Amino acid sequence: LAGGVVAGITGPNLAVFTKDMIPGSMFAGAFASLAGVYLILTVVLLFIRIPRPSVEERNLPGRKLIEIASQPAFIVAVLGAVIGYVVMAFLMTVTPLAMHHRAFTFGDSSIVIQGHIVGMFLPSFFTGSLIKRFGVTNIMIWGALMMVATVIINVSGIEFLYFFSALVLVGTGWNFLFIGGTTLLTSCYTSAEKAKVQGFNDFIVFGSAALGVLMSGATYNAFGWTAINYGVLPLILITLGATLWLKFRPQPAIA
C-alpha cells in the first residue's frame with residue numbers, strides 16, 4: 001500500500017522527466033525507464049517464497065464453482081469489484097486524452113494522475129477499519145456514490161480542478177468498491193474452496209479491467225468525453241442497486 005502511494009508520486013514524475021530522453025521519439029524514454037523498473041521488479045520477485053496450499057486446500061474439493069458463484073453475496077462482491085475497476089480504469093485512461101484535447105500540458109495531466117493514484121491507495125490504510133466499523137456493504141455503497149459524484153463533476157466542467165477532483169474521487173471510489181468486494185468475497189467460500197474462488201474472481205475482475213482499458217481510447221475517439229461519462233453511469237447505478245439490495249436482504253451476517 002505504501003508502495004502504491006509512492007508510485008502515485010514518482011511514476012508520473014518519471015514519465016515527465018524521461019519522455020524526451022530519446023531525441024526524435026517522444027515518450028520512448030518513458031517506456032525505456034518503465035522497462036528498467038520492471039527489471040528491478042523481476043529481481044525482487046525472485047526472492048519471494050509463496051506458501052504452498054494447505055493439506056485441506058489440496059485434498060478437499062469443496063462445492064462446485066457454479067454453486068458458489070450463485071450466492072447473492074458472491075454476485076455483489078464480483079459485480080462491485082468488476083464495475084469499480086472497469087469504470088476507474090476507463091476514466092483514468094481517457095482523462096489525459098480529454099485534457100490534451102483541451103490544451104492542458106503533459107505536466108498538468110501528470111499531476112491529475114498523481115492525485116488519482118494516491119486516491120486509489122492512500123485510503124487502503126484505513127478502509128479495513130471502516131469496513132469493520134460500518135459494514136462492508138455500507139463502504140461499497142459509499143464507493144459507488146463517489147463514482148456517481150465523479151460523473152457529475154466530469155460533465156459539469158473542463159477546468160483543471162474538475163479533472164483533478166474527479167480522478168481523486170474515482171480512485172477513492174474504486175478503493176471502497178474493490179476492497180469492499182474482495183472482503184465480501186471471503187464470506188462466500190471455505191478454506192478448501194479459497195484458491196479456485198479467488199482465482200475465478202481475479203480472472204473476471206482483471207480481465208474486465210484490461211478489456212476496459214483496451215476499449216477506452218477507441219470509445220473516447222468515437223463518442224467523446226461527455227458520452228463516456230454518461231455511458232459508465234448505468235454500470236455504477238447497477239452496482240449501487242445490487243449492493244443496496246444485499247444490504248437490506250434479511251442476512252444480518254453479511255450486511
Side-chain angles (χ1 to χ4, degrees), residues 4 68-95 98 116-117 119-121 123-124 127-128 130-131 134-155 165-189 197-220 223 225-249 254-255:
I68 300 170
S70 64
Q71 298 174 95
F74 179 93
I75 295 171
V76 173
V78 174
L79 185 65
V82 166
I83 299 303
Y85 230 122
V86 168
V87 172
M88 180 277 295
F90 217 91
L91 294 181
M92 176 187 68
T93 305
V94 300
T95 293
H116 170 68
I117 299 176
M120 287 175 62
F121 290 102
S124 299
T127 304
L130 292 175
I131 288 174
F134 298 108
V136 63
T137 51
N138 285 329
I139 296 305
M140 292 179 68
I141 288 168
W142 276 107
L145 290 175
M146 288 180 187
M147 290 198 163
V148 172
T150 297
V151 173
I152 294 173
I153 293 171
N154 276 337
V155 300
S165 57
L167 268 202
V168 171
L169 201 57
V170 78
T172 306
W174 165 84
N175 183 282
F176 280 19
L177 276 175
F178 181 68
I179 294 182
T182 52
T183 300
L184 182 61
L185 186 72
T186 62
S187 68
C188 302
Y189 57 76
V197 174
Q198 290 186 346
F200 181 60
N201 173 74
D202 288 355
F203 174 76
I204 296 174
V205 172
F206 294 110
S208 300
L211 185 62
V213 171
L214 288 172
M215 293 173 56
S216 58
T219 305
Y220 172 77
F223 300 104
W225 174 244
T226 302
I228 279 182
N229 279 278
Y230 284 127
V232 300
L233 186 58
L235 299 178
I236 302 169
L237 295 178
I238 289 172
T239 303
L240 178 60
T243 309
L244 285 168
W245 169 77
L246 184 66
K247 173 180 170 60
F248 292 108
R249 193 170 180 265
I254 295 177

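Residues: numbered from 1 along the sequence shown. Only a predicted model underlies this, so the values are computations on that prediction, with no experimental measurement involved.
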task: Could you tell me whether the side chain of Val76 reaches within less than 4.5 Å of the side chain of Thr239, counting heavy atoms only?
output: no
query: Below 4.5 Å, heavy atoms only, C-beta onward: do Phe176 and Leu130 meet side chain to side chain?
result: yes
query: So do Val170 and His116 actually touch side chain to side chain, heavy atoms under 4.5 Å?
result: yes
statement: The reported gap from CZ in Phe121 to OG1 in Thr127 (rounded to nearest 0.5 angstrom) is 11.5 Å
- prompt: Any idea which heavy atoms bring Leu184 and Ala73 closest together, and the distance?
  reply: CD2-O, 3.5 Å
field: Closest contact, heavy atoms only, Ile179 versus Thr183
entry: O-OG1, 2.7 Å
- request: Evaluate whether atom CZ of Phe206 has more than 12 neighbouring non-hydrogen atoms of other residues, nucleotides or ligands under 6.0 angstrom away.
  value: yes
message: Could you measure the distance from the CG atom of Leu167 to the CD1 atom of Ile153? Nearest 0.5 Å is fine.
response: 10.0 Å
- request: Could you tell me whether the side chain of Thr182 reaches within less than 4.5 Å of the side chain of Val205, counting heavy atoms only?
  value: no
Leu177 to Gly84 - nearest heavy-atom pair and separation: CD1-CA, 3.8 Å
- request: Could I get the full list of ring pair (Phe, Tyr, Trp, His ring centres under 6.0 Å) partners for Tyr220, not counting sequence neighbours?
  value: His101
Atom pair OG1/CE of Thr150 and Met88 - distance to nearest 0.5 Å: 11.5 Å
task: Just do the side-chain contact (heavy atoms from CB on, under 4.5 Å) check on Val155 and Tyr230 with the steps written out, would you?
output: CA-CA 8 Å; Val155 300; Tyr230 284 127; 4.0 Å; yes
task: Answer yes or no: is there a side-chain heavy-atom contact under 4.5 Å between Phe74 and Ser187?
output: no
query: Between Ile75 and Gln71, does a side-chain contact (heavy atoms from CB on, under 4.5 Å) hold up when you go through it step by step?
result: CA-CA 6 Å; Ile75 295 171; Gln71 298 174 95; over 6 Å; no
- request: Count the heavy atoms belonging to other residues, nucleotides or ligands that lie under 6.0 Å from CH2 of Trp225, then report whether that count exceeds 12.
  value: yes
query: Rounded to the nearest 0.5 Å, how far apart are CE of Met92 and OH of Tyr85?
result: 8.5 Å
- request: Would you indicate whether the side-chain heavy atoms of Ile238 and Ile83 approach each other to under 4.5 Å?
  value: no
task: Measure the CG-CG distance between Leu91 and Asn229 for me, rounded to the nearest 0.5 Å.
output: 5.5 Å
- request: Write down the atom of Ala69, the atom of Phe200, and the distance for their closest heavy-atom approach.
  value: CB-CE2, 4.4 Å
- request: Find out whether Cys188 and Val197 are in side-chain contact, i.e. whether some heavy atom of one side chain is under 4.5 Å from a heavy atom of the other.
  value: no
task: Assess whether side-chain contact (heavy atoms from CB on, under 4.5 Å) is satisfied between Met120 and Phe178, documenting all intermediate values.
output: CA-CA 10 Å; Met120 287 175 62; Phe178 181 68; over 6 Å; no
- prompt: Quick one: does Asn138's side chain get under 4.5 Å of Lys247's, heavy atoms only?
  reply: yes
message: To the closest 0.5 Å, what do you measure between CE (Met140) and CG (Leu145)?
response: 12.0 Å
statement: Between Ala166 and Asn154, the two heavy atoms sitting closest are CB-OD1, 3.1 Å
message: Please find the pair of heavy atoms, one from Gly180 and one from Val136, that lie closest to each other, and give the distance.
response: O-CG2, 3.1 Å
